[in-house]
There are 2 protein chains.
Amino acid sequence: MSANLQQQLQHRGHRLTKQRQAILAILSHTPQSVAMIRHTLHEQGFHFDKTTIYRNLHSLVQHGLVLATKLQDDGLYYELASHHHHHHVQCQNCGRIEDIELDEHALLQNAAAHSTFAIKQHQLEFFGICPQCQS
Amino acid sequence: MSANLQQQLQHRGHRLTKQRQAILAILSHTPQSVAMIRHTLHEQGFHFDKTTIYRNLHSLVQHGLVLATKLQDDGLYYELASHHHHHHVQCQNCGRIEDIELDEHALLQNAAAHSTFAIKQHQLEFFGICPQCQS
DNA sequence: GACTTATTGCAACTAAGTTGCAATAATATC
DNA sequence: GATATTATTGCAACTTAGTTGCAATAAGTC
């Protein structure tokens, strides 16, 4: 976990427990399901209660350090919040997830032009077949 | 329920039970959660088992007559499949949902240009404040 | 009307996520 | 370093959404 993240956490009165550190150490810029996160923790010899994991993920999302994304299946996927907004492509065959960057401005303009709502946010994910699974 | 839908169903060996008819009669081109669907059925005096409702929705989706969409909360929203692909805007205040049409071609081109995946489908929903809630 | 089989309703179950609370441990203060 | 404060943890119990197996029912066919 970066020193930066530590600072942000402590600054808000959060404590740096070994649970929180381990969870943050696992999170990356690729979205992971709770099941994946729990699995990795187990592999590393950590046996945290599921309550602890859910509560930590929630509070991290609440404070903007982590993003929650809906992908193909039920449940949410979690990733470290990065500086720039981006979307994902998930392989329908193997589940692999990659980032995909696209022209946000064009998209939002497109949307705003076709709606009377004041649009605040959106959810955009792509699904397809990755190069490996294509061959 | 349109005669068209009836035909499609029976043609595939499906039976026109009163349960299925009632469910289809409730579905529209605006996405509804299972809770909303069950609630309306109750109001109309129908007391179908939840299993029946879930199974019907699943098979209708499977056969392409109904679309399932992920919106703000957990669970899926169901709507009649229409001729043209479209997206939605959901009001973050009152939950109202509206269709939103945008330039699909531009979006897909944009995505294809930024990924090595063979993109098959996508999920795009907008969230904001509807005109009524703005004032 | 009798036959075939898709569909229903029920009960029991699974899995995901949540809540309350007493015990624990991270940080601040002395 | 010891002490006090309170955020956080782990546990157990619970809620809610959705699923499964199966016997009973009822559409559609002949």
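Labels below follow one simple rule: chain letters A, B, ... track the order of the sequence lines, proteins then strands, and each chain is numbered from 1. Hydrogens, waters and symmetry mates play no part in the numbers below; they use all other heavy atoms, side chains included.
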Please give, in whole Å, the distance from [N] [atom2] to [X] [atom1]?
| X | N | atom1 | atom2 | value |
| --- | --- | --- | --- | --- |
| B:Asp74 | D:dT16 | CG | P | 13 Å |
| B:Tyr77 | D:dG18 | OH | C1' | 17 Å |
| A:Asp73 | D:dT19 | CG | P | 13 Å |

Provide the start and end nucleotides, 5' to 3', of the part of DNA chain C that has atoms under 4.0 Å from heavy atoms of chain A.
C:dA16 to C:dT27
For [X] and [Y], work out which heavy atoms get closest and say how close.
| X | Y | value |
| --- | --- | --- |
| B:Cys91 | A:Phe117 | N-CE2, 3.6 Å |
| B:Ser115 | B:Ile119 | CB-CD1, 4.4 Å |
| A:Ser59 | A:His14 | OG-CE1, 4.4 Å |

Ring-plane angle category for B:His88 and B:His86, please: parallel below 30°, perpendicular beyond 60°, tilted otherwise.
perpendicular
Classify the ring geometry between A:His87 and A:His122 as parallel (under 30°), tilted (30 to 60°) or perpendicular (over 60°).
tilted
Taking for each residue the nucleotide of DNA chain D with the nearest heavy atom, is it A:Gly13 or B:Ala35 whose nucleotide lies nearer the 5' end?
A:Gly13
Among residues 47-69 of chain B, which residues get a heavy atom nearer than 4.0 Å to DNA chain D?
B:Lys50, B:Thr51, B:Tyr54, B:Arg55, B:His58
B:Asn56 side-chain N/O to B:Thr52 backbone N/O, donor-acceptor pair under 3.5 Å
yes
Check the interface with nucleotides 3-6 of chain D: list each N/O to N/O pair with the protein under 3.5 Å, or write none.
from	atom 1	to	atom 2	distance (Å)
D:dT6	O2	A:Arg15	NH1	2.9
D:dT6	O2	A:Arg15	NH2	3.1

